[in-house]
Amino acid sequence: MDSKKFEGFYKKTIKERQEILAKEFSLTEEEKKLLTTETNLPISNADKMIENVVGTYSLPFGVATNFVIDKKEYLIPFVLEEPSVVAAASNAAKLSNGFITKTDEPIMIGQIMITGTQNPEIVLKKILESKKEILKEAEKVDSVLTKFGGGPRDLKGEILNTPTGKIIELQLLVDVRDAMGANAINTMTEKITPIIEKISGGKALMRIISNLAIYRKAQAKTIWTKQKLEESTKGKIKGEEIIDRIIQAYEIAVSSPFRAATHNKGIMNGIDSLTIATGNDFRGVEAGIHSYAAYKEKGKYSPLTKYYKNENGDLVGEIELPITLATIGGTAKLNPMASLSLKILGVKNSKELASIAASVGLAQNFAALRAIVTTGIQAGHMKLHARALATQAGAKENEIEQVAEEMINSKEINQANAEKIIKKIRDKSLNN
Ligand code: NAD
C-alpha cells in the first residue's frame, strides 16, 4: 500500500475517500457497495450472530493514516463513535519515526478448577505426571488447528487458597495460531476433564479460557524527535519541554491508578477501534489488557506504556500488552465490513495484527498525552463536538458548519448557545 495516496485524506469528500480506498485496495464492486450503503450488515447474518435480533446498529468506519510498522506501510480501519481519535492516531504516527514491534507466539490459557480432593499438593503432582497423556487427549479436539501448526503445548498447575478450601488450578497452554481461541480451548478443557477427574478423584468446577493472556503479548516501540515535536507546535513550545512534560505525565500514571485508568483508556481508543473494525471480541481484549495492567505490577493498576529520553534527548515510547486479536474464527466472517478491514490491513496472521494493535495503542496514548500537556484535550475535540452539538440542537445540514464555528469562536460550546445561533441564522434569513 502506498501511503502517499492518503496524504491530506481528511480534506477530501467522503466520495473521494471511497474512490481512493477502492483504487488502492482493488475493491470489488461488492466491496465498494459496502462502503456506500448505509446498512452493510445483512440482518440475516446478524440473526446468526446473536439472539433476539430486531435490527442492526451502525458506527462510523474510518481509516488512520501514516502508520509505518516494521517498515511496512498500513492503512488502519477504525470503528468508533468518538471524535478526534482517528485524527490523533494519524497525527501521532506521522510525527513518529515508525514503529518496531515484537510479538509472542499466540499461546492462550485454559483453566480447569478441581475441587474436593483429599490432598491437593499430592494430587496436583499426580496430574502433572500424566501431562503427556492429557495433552495428547486435548490434541484430538482440533485437527484443523494442529494442521495450521497450533495445538496444546503445556499443562501447569498450582494450589489456590480460597475461603472454601484448597482448589487445584490447572492451566492448559494452547497455541491458537490465528484464532482468538475461546471455542477451541473451552472444548479442549472439557475433553480432558474426565481423565483429570479420574486421576484426582475430585470434580472440575470450571473449565474455561482465561482472558489474561500473559503469553500472548505484543510490544511496540518508536521515537518522537524533539525537532518534530517542536515543529508540531509551530515552534511555540520547545521540543525538550514537550518531552519532559510527557515523561512527567507518564510518571504520574505510574503513581496514580486514577490517572493510569485514563492513560490506558487512551491506548484503548485505538485498540478497541481496530478490534471492532476487524470483528473481534472487544470484551475479551479489554478484559485481558486491563487485567494485565494490574497483573504486571503485582496487583497495582499501572500504565501499559513507558516513556523516556534516549541519548539524543528524543522521546522513546514503548508499549507491552496482551493482544488476543484473531484473523480467523469467531463471527467475523458474517460481517462483511470485518473482512474488508482485514483486506485493507493486508495482514498475514494474528501476530501481524497484534503488532499493528500495539503500535496503534502506543500512537493513540502518545497523542492524548501530547494534547493534554500542551493545548489540552478539548482543543482537538471541539470541532467535531461542536458539529455534533449543532446537529443535536436541530441545525440543518447547511447550517451545521456555521453553528459549530460560531460556537468555537464564542468559546461557548453548549446546546443552549447552538440553539441561540440557529435562531439567529434563521431570523436573519427570514429578514433577507
Ligand atoms: P472459532 O472456534 O470460531 O475458530 C477457531 C477455529 O478455526 C480453530 O479451532 C481451528 O479449528 C480453525 N482454524 C482454521 N484456520 C486456523 C488458523 N490459521 N489458526 C487457528 N485456527 C484456525 O474461534 P475461537 O477463536 O476458538 O473462539 C472465538 C470466539 O469465542 C469469539 O467469538 C469469542 O467471542 C467467543 N468466546 C469468548 C470467550 C471469552 O473470551 N472468555 C468465552 C467463550 C466464547
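Since this is a predicted model, take the numbers as computed values, not measurements. Just so you know, ligand 1 is whichever comes first in the structure, and atom 1 is the first atom listed for that ligand.
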Ion pair K309/D244, N-O distance below 4.0 Å:
yes

Checking the N or O distance criterion of under 3.5 Å, is ligand 1 in contact with I208?
no

Aromatic rings Y307 and H263: how do their planes relate, parallel, tilted or perpendicular, breaks at 30° and 60°?
perpendicular

Closest to atom 22 (C) of ligand 1 among protein heavy atoms sits I328 CG2, 3.9 Å

I'd like to know if E137 pairs up with K140 as an ion pair, taking the criterion as any Lys NZ or Arg NE/NH1/NH2 lying under 4.0 Å from an Asp or Glu carboxylate oxygen.
yes

So for atom NZ, which belongs to K131, do other residues, nucleotides or ligands contribute more than 12 heavy atoms lying within a distance under 6.0 Å?
yes

SB check E318 K221 (cutoff 4.0 Å)
yes

Which residue from G329, S143, G181 reaches closest to atom 25 (O) of ligand 1 through any of its heavy atoms?
G181

Side chain, backbone, both or neither: the part of D178 lying under 4.0 Å from ligand 1 by heavy atom
both

Counting from 1 in the order shown, the ligand 1 atoms closer than 4.0 Å to a non-hydrogen atom of G330 are 1 (P), 3 (O), 23 (O), 32 (O)

I'd like to check whether N211 has a polar contact with ligand 1, where a contact means an N/O of the residue lying under 3.5 Å from an N/O of the ligand.
yes

Within 6.0 Å of NZ in K33, more than 12 heavy atoms from elsewhere
no

Any idea which atoms of ligand 1 are less than 4.0 Å away from a heavy-atom of D281?
33 (C), 34 (O), 37 (C), 40 (O)

Are a donor atom and an acceptor atom from the side chains of R370 and S232 found within less than 3.5 Å of each other?
yes

Can you confirm whether something in the protein, heavy atoms only, sits under 4.0 Å from atom 10 (C) of ligand 1?
yes

In ligand 1, the atoms that come under 4.0 Å of a heavy atom of V176 are 19 (N), 20 (C)

Using a strict cut-off of less than 4.0 Å between a Lys/Arg side-chain nitrogen and an Asp/Glu carboxylate oxygen, indicate whether D70 and K72 qualify as a salt bridge.
no

Is E29 salt-bridged to K32, going by a charged N under 4.0 Å from an acidic O?
yes

Residue, atom name and distance, where the atom is the protein heavy atom closest to atom 21 (N) of ligand 1:
L145 CD1, 3.6 Å

Distance to 0.1 Å, residue and atom name: give those for the protein heavy atom nearest to atom 5 (C) of ligand 1.
A179 CB, 3.7 Å

Using a strict 4.0 Å threshold on nitrogen-to-oxygen distance, state whether E320 and K296 make a salt bridge.
no

Looking only at protein heavy atoms, which one is nearest to atom 8 (C) of ligand 1, and what is the separation?
D142 OD2, 3.4 Å

Residue I209 vicinity, atoms of ligand 1 by number, heavy atom under 4.0 Å
39 (C), 41 (N)

I need the atoms of ligand 1 closer than 4.0 Å to a non-hydrogen atom of V144, numbered in the order shown.
11 (O), 12 (C), 13 (N), 14 (C)

Is E121 salt-bridged to K166, going by a charged N under 4.0 Å from an acidic O?
yes

The protein heavy atom nearest to atom 43 (C) of ligand 1 is N186 ND2, 3.6 Å

Look at atom 35 (C) of ligand 1 and find which of G288, G151, A182 reaches it with the closest heavy atom.
A182

Taking non-hydrogen atoms only, is N183 closer than 4.0 angstrom to ligand 1 via side chain, backbone, both or neither?
both

Under-4.0 Å heavy-atom contact with ligand 1, by part of I185 that carries it
neither

